[in-house]
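What follows is a short report on a single structure.
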Amino acid sequence: MQRRQFIQSVAGGVAATAFGGLMGRPAFAAEGKCIVPWASDTKMIKREAKSGPFNIALSNSYIGNTWRTEMVQIAKAYTERDEVKPLIKSFQATSSGNEVSAQIAQMNQMILSGVDAIILNAASPTGLNSVIDQAADAGILVVSFDNVVTTDKAVTVNEDQYEMGKQWADFVVDKTGGKGNVLMVRGVAGTFVDQERTRAANDVFGKHPEIKTTEIYGNWDDGTAQKVTANALASGTKFDGVWSQGGDTGVVRAFQQAGLDVPPIAGEAENGFRKLASELKFPMLSIGQSPALSALSIMVALDILQGKETPQSVSAPLPMATTDTLKSGENFFPELPDSFFTPISIPVCGLDFTAEQILKQKV
């Protein structure tokens, strides 16, 4: 399935203005805490408290995949919670598509409508900076998550994409003994997420000269990933491990279709991938970008609007599962489609959702 997707990126990797240049380092962790600074020197911010309830808008770019749909559904479910609903005067979620100009127009409408905060999943890390400046000048808070922006006029909430790619690569190195052929199934070319994850993998694999990598682009999509993986297998190369950013269900099915044993795979958190790992018992590490980042971003926005001191950049935990830790109904769901993204909760933040709560929300 396709994943978070946007078109433009910063040359050479994100400039990371909002992260203080810290992308690529492990996030500064605080065990058992929710709204955690990205790094030990992350700036703390505090605004004058406003009187609620608040008008909150979610500006999303791409909507054509399950992750994005779940993300919007979780945001809606969160705003309807008994403890949150009194703080919300209105909530709107709009998806513009991947054209930066369309998302700028979308955000301009939100600014004109006088919202208190915009929760932003951006079509570009830099292309929206001017409209974010306009929002800031109007006193509107912008919280950027998932595909984050680079301007320090926005607060950012994200999982560490570099660390995710590194942990996948470390797993593959461990399972292959640091040698052999590794298939790298990348995401969408030119995106921040793909670049950060791949940079981490190359940093790890580069330390192991006996590992030979083959890169293909699966576009975070099961069908595409299955096709390009099948083409790679047709070349006759025996792959000893797979590092995959998404479309992992399709990757596994390509090995099955070719009549080959499934090698160790480090990948994302699609339900189908975890179902197949549970069934076939191949070595698997699954780390997923949680669609509940939308709810966490709203939580952060509400804190800031109420005058609470908050990190400029917030680090969300990486939700992981291995073949040995899979639990039906908890971190994978046999009755749900393969495309369903499994890390639907952020327990340390009290953001616990059931599949039923999410799926009943209309998008």
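Counting begins at 1 with the first residue of the sequence. Note that the structure is predicted; figures quoted are calculated from it, not measured. Just so it is clear, the values below take in all heavy atoms, side chains as well, and ignore hydrogens, waters and symmetry mates.
Residue Lys175 places its NZ atom among 12 or fewer non-hydrogen atoms of other residues, nucleotides or ligands, all under 6.0 Å distant. Sparse packing is recorded around CD of Glu48, with 12 or fewer heavy atoms of other residues, nucleotides or ligands lying under 6.0 Å away. Heavy-atom neighbours of Glu210 CD from other residues, nucleotides or ligands within 6.0 Å: at or below the threshold of 12. At most 12 heavy atoms of other shown residues, nucleotides or ligands fall within 6.0 angstrom of atom CG in Asp261. More than 12 heavy atoms of other residues, nucleotides or ligands shown are found within 6.0 angstrom of NZ on Lys50.
Ser315 contributes no side-chain N or O that, together with a main-chain N or O of Pro37, makes up a donor-acceptor pair within less than 3.5 Å. Side chain of Thr150 to main chain of Pro125: a donor-acceptor pair is present (N/O by atom type, distance under 3.5 Å, no hydrogens or angles). Side-chain atoms of Thr354 come within 3.5 Å of backbone atoms of Gln357 as a donor-acceptor pair (strictly under, hydrogens ignored). Asp194 places a side-chain N or O within donor-acceptor distance of the main-chain N or O of Gly187, the cut-off being under 3.5 Å. Proximity of a side-chain donor or acceptor of Asp116 to a complementary backbone N or O of Ile140 within less than 3.5 Å is not detected. Of the possible polar contacts, none joining the Lys308 side chain to the Leu305 backbone as a donor-acceptor pair under 3.5 Å is found. Side-chain atoms of Glu70 never come within 3.5 Å of backbone atoms of Ile358 as a donor-acceptor pair (strictly under, hydrogens ignored). In this structure a side-chain-to-backbone donor-acceptor pair under 3.5 Å is present from Thr323 to Met284. Using a distance-only test at 3.5 Å, with no hydrogens or angles considered, a donor-acceptor pair links the side chain of Lys281 to the main chain of Ser278. Remark: side-chain polar atoms of Gln73 are paired, donor with acceptor, to backbone N or O of Gln361 under 3.5 angstrom.
Heavy atoms only, all atoms of each residue included: Leu128 and Ala122 are closest at CD1-CB, 3.5 Å. A pairwise comparison of heavy atoms in Val100 and Ser124 identifies CG2-CB, 3.6 Å as the closest pair. For the pair Trp38 and Asp160, the tightest heavy-atom approach, listed with the atom from each and the gap, is CH2-CA, 3.4 Å. When all heavy atoms are compared, the tightest approach of Cys34 to Val348 is CB-O, 3.8 Å. The minimum heavy-atom distance between Pro319 and Pro343, with the atom names listed, is CG-CB, 3.6 Å. A pairwise comparison of heavy atoms in Asn121 and Gln103 identifies O-NE2, 3.1 Å as the closest pair.
Within the 4.5 Å cutoff, the side chain of Thr214 has no heavy atoms near those of the Val182 side chain. Arg186 has its side chain out of reach of Val228: every pair of non-hydrogen atoms, C-beta onward, lies at least 4.5 Å apart. In this structure, Pro263 and Val242 have side chains that are in contact, with non-hydrogen atoms separated by less than 4.5 Å. In this structure, the side chains of Glu268 and Trp168 come closer than 4.5 Å at one or more pairs of heavy atoms. At least one side-chain heavy atom of Met71 sits under 4.5 Å from a side-chain heavy atom of Leu58. Looking only at side-chain heavy atoms (C-beta outward), Pro53 and Ile88 stay at 4.5 Å or farther from each other. Side-chain contact check for Val115 versus Ile56: every heavy-atom pair is 4.5 Å or farther apart. Residues Leu183 and Glu215 form no side-chain contact, since every pair of their non-hydrogen atoms from C-beta on lies 4.5 Å or further apart.
Taken together through direct or relayed side-chain contacts under 4.5 Å among Ile, Leu, Val, Met, Phe, Trp and Tyr, Met299 and Val84 form part of one hydrophobic cluster. Both Leu280 and Val185 are part of a single hydrophobic cluster, where members link through side-chain heavy atoms under 4.5 Å apart. In the hydrophobic clustering of this structure, Met320 groups with Val172; members are Ile, Leu, Val, Met, Phe, Trp, Tyr whose side-chain heavy atoms approach within less than 4.5 Å, directly or through other members. Tyr62 and Tyr217 end up in different hydrophobic clusters when Ile, Leu, Val, Met, Phe, Trp and Tyr side chains are linked at under 4.5 Å. Leu233 and Trp243 fall into different hydrophobic clusters, where Ile, Leu, Val, Met, Phe, Trp and Tyr are joined by side-chain heavy atoms under 4.5 Å apart, directly or via other members.
Between the CZ atom of Phe340 and the OG1 atom of Thr69 there is a distance of 11.0 Å, given to the nearest 0.5 Å. Note that CG of Asn147 is 9.0 Å distant from CG of Asn98, once rounded to the nearest 0.5 Å. To the nearest 0.5 Å, the span separating CD on Gln312 from CE on Met44 amounts to 10.5 Å. The CG atom of Asp303 sits 10.5 Å away from the CG atom of Leu141 when rounded to the nearest 0.5 Å. Note that CZ of Phe341 and CZ of Arg274 are 9.5 Å apart. Values are rounded to the nearest 0.5 Å. One finds the CD1 atom of Ile74 at 13.0 Å from the NZ atom of Lys76 (value rounded to the nearest 0.5 Å).
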CA sep, side-chain torsions, deciding dist, call: Ser286, Phe273, side chain to side chain contact (heavy atoms under 4.5 Å, CB included): CA-CA 8 Å; Ser286 173; Phe273 179 44; 4.1 Å; yes
Any chance you could lay out the side chain to side chain contact (heavy atoms under 4.5 Å, CB included) test for Phe282 and Val252, step after step, and finish with the verdict? CA-CA 10 Å; Phe282 58 86; Val252 176; 3.8 Å; yes
Please test Val300 against Thr310 for side chain to side chain contact (heavy atoms under 4.5 Å, CB included), starting from the C-alpha separation and ending with a verdict. CA-CA 8 Å; Val300 168; Thr310 307; 3.9 Å; yes
Evaluation steps, salt bridge (Lys or Arg N to Asp or Glu O under 4.0 Å), between Lys207 and Asp170: CA-CA 11 Å; Lys207 297 175 183 177; Asp170 287 339; over 6 Å; no
Worked verdict on Leu336 versus Asn271 for side chain to side chain contact (heavy atoms under 4.5 Å, CB included): CA-CA 8 Å; Leu336 293 180; Asn271 197 39; 3.8 Å; yes
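Remark: Arg81 is positioned above the aromatic ring of Phe353, its terminal NZ or CZ atom under 6.0 angstrom from the ring centre and at most 45 degrees off the axis.
The pair Lys85-Glu80 does not count as a salt bridge, with every side-chain nitrogen at least 4.0 angstrom from each carboxylate oxygen. A salt bridge is defined here as a Lys NZ or Arg NE, NH1 or NH2 lying under 4.0 Å from an Asp or Glu carboxylate O, and Glu309 with Arg47 fails to meet this definition. Between Lys166 and Glu163 there is no salt bridge, since none of the side-chain N atoms of the basic residue sits less than 4.0 Å from a carboxylate O of the acidic one.
With no hydrogens or angles considered, a side-chain donor-acceptor pair links Thr198 and Gln245 at under 3.5 Å. A donor atom on one side chain and an acceptor atom on the other are not found under 3.5 Å apart for Ser144 and Thr156. Asn60 and Arg68 share a donor-acceptor pair across their side chains, judged by distance under 3.5 Å alone. With 3.5 Å as the limit, one finds a donor-acceptor pair spanning the side chains of Asn55 and Ser90.
Exactly one residue among Glu196, Gln289, Gln195, Arg199 makes a side-chain hydrogen bond (donor to acceptor under 3.5 Å, both in side chains) with Gln161. That residue is Gln289.
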